[in-house]
*Asks:* 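Got a structure here, written out as structure tokens. Questions coming.
Bear in mind that the values here come from a model prediction, so they are computed numbers and not experimental data.
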Amino acid sequence: MKKFTAIICTAILALSMTGCGGKEKEVTIDTTKLAEELQEAVTSDTLSETASDMLSSIYFFEDGTIESGTAYASSGATACEIAVVKSKEEKNTENVEKLFQTRVDNQSSLYASYNEGEVEKLDHAIIESAGSYTVLCVCDDTDKANEILKKYGF
């Protein structure tokens, strides 16, 4: 009986130690640096930085949910757009992803009416989260964008 108890205790101890080993490392990102890097590397269009106080009205973030963010958008000639935001709490990233998807869907409907060629970019939009950070990237080179995002922990 003592052997059986020792084996069970050893198994429980081994399982409890492996449960802690899978924890992801903390992600820390400079939102401006990442947005600038994406803007320079993956779009052929010249994007303009969006004023930070306009982010809530463009993406419909709820007051107090976003800690910081940087966004770049086209003048309307192309669908290219980049937004990198940090939520105050990690639990808000799922909602930010949904808001980014709503933005992509709305832009897709808009571009379908006057510049159908840009809809393909929107169909391949990248929306990713890591920790408290969420990225929206509508661009010409999704492979390069994914490579950059991987480097940042996405």
*Asks:* Minimum heavy-atom separation for Gly153 to Ala130, with atom names?
*Replies:*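 Heavy atoms only, the tightest pair is O-CB, 3.5 Å.
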*Asks:* Under 4.0 Å between a Lys/Arg side-chain N and an Asp/Glu carboxylate O for Glu118 and Lys121?
*Replies:*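 Yes.
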*Asks:* Who pairs with Thr43 by side chain to side chain donor-acceptor pair (under 3.5 Å), at least two apart in sequence or on another chain?
*Replies:* none
*Asks:* Just verifying a value: how many Å separate Phe60 CZ and Asn106 CG, rounded to the nearest 0.5 Å?
*Replies:*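 Answer rounded to 0.5 Å: 7.5 Å.
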*Asks:* Using only atom types and a distance under 3.5 Å, with no angle test, would you say the side chain of Asp30 pairs donor to acceptor with the backbone of Thr32?
*Replies:* yes
*Asks:* Do Val104 and Val135 share a hydrophobic cluster, counting only Ile, Leu, Val, Met, Phe, Trp and Tyr and linking them when any side-chain heavy atoms are less than 4.5 Å apart?
*Replies:* no
*Asks:* Is there side-chain contact between Leu136 and Ile126, with at least one heavy-atom pair below 4.5 Å?
*Replies:* no
*Asks:* Are the side chains of Phe154 and Asn146 in touch, meaning some heavy atoms are under 4.5 Å apart?
*Replies:*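 A side-chain contact is absent here, since even the closest heavy-atom pair is not under 4.5 Å.
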*Asks:* Between Val85 and Phe61, is a side-chain contact (heavy atoms from CB on, under 4.5 Å) present by the stated rule, with each step listed?
*Replies:* CA-CA 10 Å; Val85 297; Phe61 300 135; 4.0 Å; yes
*Asks:* Let me confirm one number: the CG-OG distance from Asp45 to Ser74, rounded to the nearest 0.5 Å.
*Replies:*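 The CG atom of Asp45 sits 4.0 Å away from the OG atom of Ser74.
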*Asks:* Mind checking what makes side chain to side chain donor-acceptor pair (under 3.5 Å) contact with Tyr72, not counting sequence neighbours?
*Replies:* none
*Asks:* Just do the salt bridge (charged side-chain N to carboxylate O under 4.0 Å, His left out) check on Glu147 and Lys150 with the steps written out, would you?
*Replies:* CA-CA 5 Å; Glu147 183 181 308; Lys150 186 176 181 180; over 6 Å; no
*Asks:* Run the numbers on Ser52 and Thr70 for side-chain contact (heavy atoms from CB on, under 4.5 Å), then give the verdict.
*Replies:* CA-CA 7 Å; Ser52 59; Thr70 303; over 6 Å; no
*Asks:* Starting at CD of Glu120, measure out to CG of Asp140 and round the result to the nearest 0.5 Å.
*Replies:*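 Glu120 CD to Asp140 CG: 10.5 Å, rounded to 0.5 Å.
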*Asks:* Going from OG on Ser108 to CZ on Arg103, what distance comes out if it is rounded to the nearest 0.5 angstrom?
*Replies:*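 With rounding to 0.5 Å, OG (Ser108) is 12.0 Å from CZ (Arg103).
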*Asks:* Would you say that Leu55 contacts Ile66 through its side chain, given a criterion of any heavy-atom pair below 4.5 Å between the two side chains?
*Replies:*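 Side-chain contact under 4.5 Å: no.
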*Asks:* Apply the test side-chain contact (heavy atoms from CB on, under 4.5 Å) to residues Ile82 and Leu47: give CA-CA distance (whole Å), side-chain angles for both, the deciding distance (0.1 Å), then the verdict.
*Replies:* CA-CA 9 Å; Ile82 295 165; Leu47 306 182; 4.1 Å; yes
*Asks:* With distance as the sole criterion, is a donor-acceptor pair present between the side chains of Asn92 and Ser87 under 3.5 Å?
*Replies:* no
*Asks:* Where the side chain of Asn115 meets the backbone of Thr78, is there a donor-acceptor pair that is under 3.5 Å apart?
*Replies:*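 Looks like no, no N/O pair under 3.5 Å.
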*Asks:* Which residues pass the side chain to side chain donor-acceptor pair (under 3.5 Å) test with Glu37, sequence neighbours left out?
*Replies:*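 Glu37: side chain to side chain donor-acceptor pair (under 3.5 Å) contacts with Lys151, Tyr152.
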*Asks:* A side-chain contact here means heavy atoms from C-beta on lying under 4.5 Å apart; do Val42 and Thr142 qualify?
*Replies:*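 When only atoms from C-beta onward are counted, Thr142 and Val42 do not touch, as no gap falls below 4.5 Å.
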*Asks:* With hydrophobic residues grouped by side-chain heavy-atom distances under 4.5 Å, do Leu122 and Val96 end up in a single group?
*Replies:* yes
*Asks:* Taking only residues two or more places apart in sequence, or in another chain, which ones meet Glu67 in a side chain to side chain contact (heavy atoms under 4.5 Å, CB included)?
*Replies:*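 In terms of side chain to side chain contact (heavy atoms under 4.5 Å, CB included), with neighbours along the sequence ignored, Glu67 is linked to Lys86, Lys88.
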*Asks:* Of all heavy-atom pairs between Cys137 and Ala145, which one has the smallest distance, and what is that distance?
*Replies:* SG-CB, 4.0 Å
*Asks:* If we count only N and O atoms by modelled type, under 3.5 Å, do the side chains of Thr93 and Thr134 hold a donor and an acceptor together?
*Replies:* no
*Asks:* Using the ring pair (Phe, Tyr, Trp, His ring centres under 6.0 Å) rule, collect all pairs that involve residues 109-149, keeping only residues at least two apart or in two chains.
*Replies:*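 Sorted result for residues 109-149: Tyr111-Tyr114.
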*Asks:* Could you please spell out the steps behind the side chain to side chain donor-acceptor pair (under 3.5 Å) verdict for Glu97 and Ser129?
*Replies:* CA-CA 8 Å; Glu97 286 180 1; Ser129 291; 2.6 Å; yes
*Asks:* Check for me, please, whether Ile127 and Val138 land in the same ILVMFWY cluster - side-chain distances under 4.5 Å, paths through other members count.
*Replies:* yes
*Asks:* Counting neighbours of CD on Glu49 that are heavy atoms of other residues, nucleotides or ligands and sit closer than 6.0 Å, is the number greater than 12?
*Replies:* yes
*Asks:* Who are the side chain to side chain contact (heavy atoms under 4.5 Å, CB included) partners of Ser109, not counting sequence neighbours?
*Replies:*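 Checked Ser109 against side chain to side chain contact (heavy atoms under 4.5 Å, CB included); zero matches.
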